[in-house]
Amino acid sequence: MAKEKFKLQKVLDFRELKEQQLQVEVAEIRSNLEREKINLKKKRSNLLKYKKILDKFQKKPASSQEYKTYLEYIDYLIRDIKIQGEVIQELHNSLVSSMEKLKKACQDKQILEKLKTREIQKAKADEEKTEQNFLDEIGLKINGKNKKEGK
């Protein structure tokens, strides 16, 4: 008997492809998020470094221009850290959204895989039933011939 092809195989293939694409997207977003977190950590470290330098300037006599330059740079770093935090938040939101899409894609694919499994099991059961009926029929014919010959 020729095996029947799963009618929704193209849809299943498409959903598998979509799931793979979403997995790649999630991995890229996670990578970007980690890179941005590292950048934020570096910027915070840099801010602490310049705050310490500014503290030293306050203890020692220094020119007002140097002091002002460090203050402006520290203000710049603070703004930059705030922007970096917003970038990280956006990436986090994007990651959550992509993970939800991936979860939905996985569920959609699993539904079709279960349907395919059920179809395969049904086709196998039908084939076994047909085969059993055929064997029963052969058995009846052989049994019928034996009874006729025995009479």
Side-chain angles (χ1 to χ4, degrees), residues 1-59 66-146:
M1 241 187 211
K3 289 193 174 189
E4 291 184 32
K5 192 173 180 180
F6 181 55
K7 295 173 186 170
L8 298 173
Q9 186 61 46
K10 289 184 180 182
V11 176
L12 178 59
D13 292 342
F14 173 76
R15 288 190 178 170
E16 287 174 346
L17 179 63
K18 184 177 177 182
E19 179 186 8
Q20 289 171 354
Q21 290 172 339
L22 287 170
Q23 287 173 344
V24 168
E25 181 181 313
V26 166
E28 288 175 354
I29 293 171
R30 278 188 176 148
S31 174
N32 290 341
L33 183 60
E34 288 306 311
R35 185 181 67 245
E36 295 301 326
K37 284 181 178 180
I38 289 169
N39 286 342
L40 179 62
K41 201 174 200 179
K42 287 178 183 176
K43 289 177 182 182
R44 285 181 176 161
S45 172
N46 205 14
L47 177 63
L48 288 175
K49 174 183 158 186
Y50 282 98
K51 280 186 175 182
K52 287 179 184 177
I53 291 172
L54 187 62
D55 285 342
K56 288 180 184 177
F57 272 118
Q58 287 175 342
K59 293 176 185 173
E66 275 185 297
Y67 187 75
K68 182 180 175 188
T69 303
Y70 277 108
L71 275 178
E72 288 172 354
Y73 188 65
I74 287 173
D75 286 341
Y76 163 78
L77 287 175
I78 290 171
R79 286 190 308 271
D80 199 30
I81 287 172
K82 183 180 178 186
I83 292 169
Q84 188 69 25
E86 291 169 359
V87 167
I88 288 173
Q89 186 60 43
E90 287 175 17
L91 281 171
H92 178 73
N93 293 342
S94 177
L95 178 63
V96 168
S97 173
S98 291
M99 288 178 74
E100 288 173 0
K101 289 177 189 175
L102 178 59
K103 182 180 176 184
K104 173 84 169 98
C106 288
Q107 290 171 343
D108 291 346
K109 185 186 85 166
Q110 285 177 343
I111 289 168
L112 282 178
E113 286 175 340
K114 286 179 182 180
L115 185 60
K116 181 179 180 179
T117 302
R118 285 183 191 148
E119 259 189 43
I120 290 170
Q121 289 172 344
K122 184 180 181 293
K124 187 176 179 181
D126 290 345
E127 190 175 320
E128 288 174 357
K129 185 177 180 180
T130 303
E131 186 178 321
Q132 186 61 45
N133 288 341
F134 178 72
L135 292 174
D136 289 347
E137 195 175 307
I138 291 174
L140 286 173
K141 286 183 180 181
I142 290 174
N143 197 18
K145 280 186 181 181
N146 288 342

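Residue numbers count from 1 along this sequence. Since the model is a prediction, treat every value here as computed from it, not as a measurement.
For Leu95 against Arg30, the heavy-atom pair with the smallest separation is CD1-CG, 3.6 Å. Considering every non-hydrogen atom in both Ala105 and Glu19, the closest pair reads CB-CA, 4.3 Å. Of all heavy-atom pairs between Gln23 and Leu102, the closest is CG-CD1, 3.6 Å. Considering all non-hydrogen atoms of both residues, His92 and Leu33 come closest at N-CD1, 4.1 Å.
Applying the side chain to side chain contact (heavy atoms under 4.5 Å, CB included) criterion to Glu113, with sequence neighbours excluded, gives Leu12, Glu16, Lys109, Gln110. The side chain to side chain donor-acceptor pair (under 3.5 Å) test applied to Arg35 returns Asn32, not counting sequence neighbours. For the side chain to side chain contact (heavy atoms under 4.5 Å, CB included) test, residues two or more places apart in sequence or in another chain that qualify with Ile120 are Lys116.
Distance check, rounded to the nearest 0.5 Å: CD of Glu119 to CG of Asp126 gives 11.0 Å. With rounding to the nearest 0.5 Å, the separation of CZ in Phe14 from CG in Leu112 is 11.5 Å.
The salt bridge (charged side-chain N to carboxylate O under 4.0 Å, His left out) analysis of residues 83-103, with sequence neighbours excluded, yields no pairs.
At a threshold of 4.5 Å between non-hydrogen side-chain atoms, the residues Val24 and Gln20 do not count as touching.
Side-chain N or O atoms of Ser98 include one that pairs as donor or acceptor with a backbone N or O of Ser94 at under 3.5 Å.
Side-chain N/O atoms of Gln132 and Asp136 include a donor and acceptor closer than 3.5 Å.
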Return all side-chain donor-acceptor pairs below 3.5 angstrom for residues 70-79, not counting sequence neighbours, or 'none' if the list is empty.
none

Could you give the side-chain donor-acceptor pairs of residues 38-53 under 3.5 Å, partners two or more places apart or in another chain?
unit_1	atom_1	unit_2	atom_2	d
Lys43	NZ	Asp80	OD1	3.4
Lys43	NZ	Asp80	OD2	3.0
Lys43	NZ	Gln84	OE1	3.1

field: Stepwise side chain to side chain donor-acceptor pair (under 3.5 Å) check, Asn133 with Glu137
entry: CA-CA 6 Å; Asn133 288 341; Glu137 195 175 307; over 6 Å; no

